[in-house]
Amino acid sequence: MDSFSSSSVVGLGAVDPKLQHFIKAETQKQRFQQLVHQMTELCWEKCMDKPGPKLDSRAEACFVNCVERFIDTSQFILNRLEQTQKSKPVFSESLSD
């Protein structure tokens, strides 16, 4: 499914609110899946030296630490973006006409 922003959905005018909610939920699912994929790829490359039938304690600890740092970093970035958006002045819609 293509990624739609809520602004593009709102711009469509008389779109069914249920459809808007569905698109928003699917977009959030897609973003979450992308984050999980990125985290898996990053941590696998960093922590997995030689695949085997069991994880050794070093690899397990590395995966736990990697996932925790990935989540911390993602949260930090989201918070920073939120702060940046709040500090920017919002233009009125009359300016865009």
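We're numbering straight along the sequence, starting at 1.
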*Test side chain to side chain donor-acceptor pair (under 3.5 Å) on Gln75 and Asn79 and set out the steps.*
CA-CA 6 Å; Gln75 189 62 46; Asn79 289 339; 3.2 Å; yes

*Verify side chain to side chain contact (heavy atoms under 4.5 Å, CB included) between Asp49 and Arg58, making sure each step is shown before the conclusion.*
CA-CA 10 Å; Asp49 293 332; Arg58 187 202 63 75; 2.6 Å; yes

*Name all pairs fulfilling the salt bridge (Lys or Arg N to Asp or Glu O under 4.0 Å) condition that reach into residues 68-84, sequence neighbours left out, sorted by first residue then second.*
Arg69-Asp72

[atom2] on [Y] to [atom1] on [X], rounded to 0.5 Å:
X: Ile23; Y: Gln30; atom1: CD1; atom2: CD; answer: 12.0 Å
X: His37; Y: Gln33; atom1: NE2; atom2: CD; answer: 11.0 Å
X: Asn65; Y: Phe63; atom1: CG; atom2: CZ; answer: 12.0 Å
X: Asp56; Y: Lys50; atom1: CG; atom2: NZ; answer: 7.5 Å

*asked:* Is it the case that atom CD in Glu60 sees more than 12 heavy atoms from other parts of the structure closer than 6.0 Å?
replied: no

*Partners of Lys46 by side chain to side chain donor-acceptor pair (under 3.5 Å), sequence neighbours excluded?*
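With sequence neighbours excluded, Lys46 shows a side chain to side chain donor-acceptor pair (under 3.5 Å) to no residue whatsoever.
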
*Could you please spell out the steps behind the disulfide bond (SG atoms under 2.5 Å apart) verdict for Cys47 and Cys66?*
CA-CA 8 Å; Cys47 299; Cys66 183; 4.9 Å; no

*Residues Phe70, Leu35; criterion side chain to side chain contact (heavy atoms under 4.5 Å, CB included); working and verdict*: CA-CA 9 Å; Phe70 187 90; Leu35 278 174; 4.1 Å; yes

*asked:* Can you confirm whether the side chains of Gln20 and Asp16 place a donor and an acceptor under 3.5 Å from each other?
replied: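 No, Asp16 and Gln20 have no side-chain donor paired with an acceptor closer than 3.5 Å.
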
_Just so I know, are the side chains of Pro51 and Trp44 near enough to count as touching, which here means a heavy-atom distance under 4.5 Å?_
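Answer yes - side chains close enough.
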
*Please report the C-alpha distance between Gln28 and Lys24 in whole Å, then the side-chain angles of each, then the deciding distance to 0.1 Å, and finally whether the side chain to side chain contact (heavy atoms under 4.5 Å, CB included) criterion is met.*
CA-CA 6 Å; Gln28 288 174 339; Lys24 186 175 181 181; 4.0 Å; yes

_Hydrophobic cluster identity match, Leu42 and Val67, side-chain contacts under 4.5 Å_ =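 Linked, Leu42 and Val67 end up in one cluster.
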
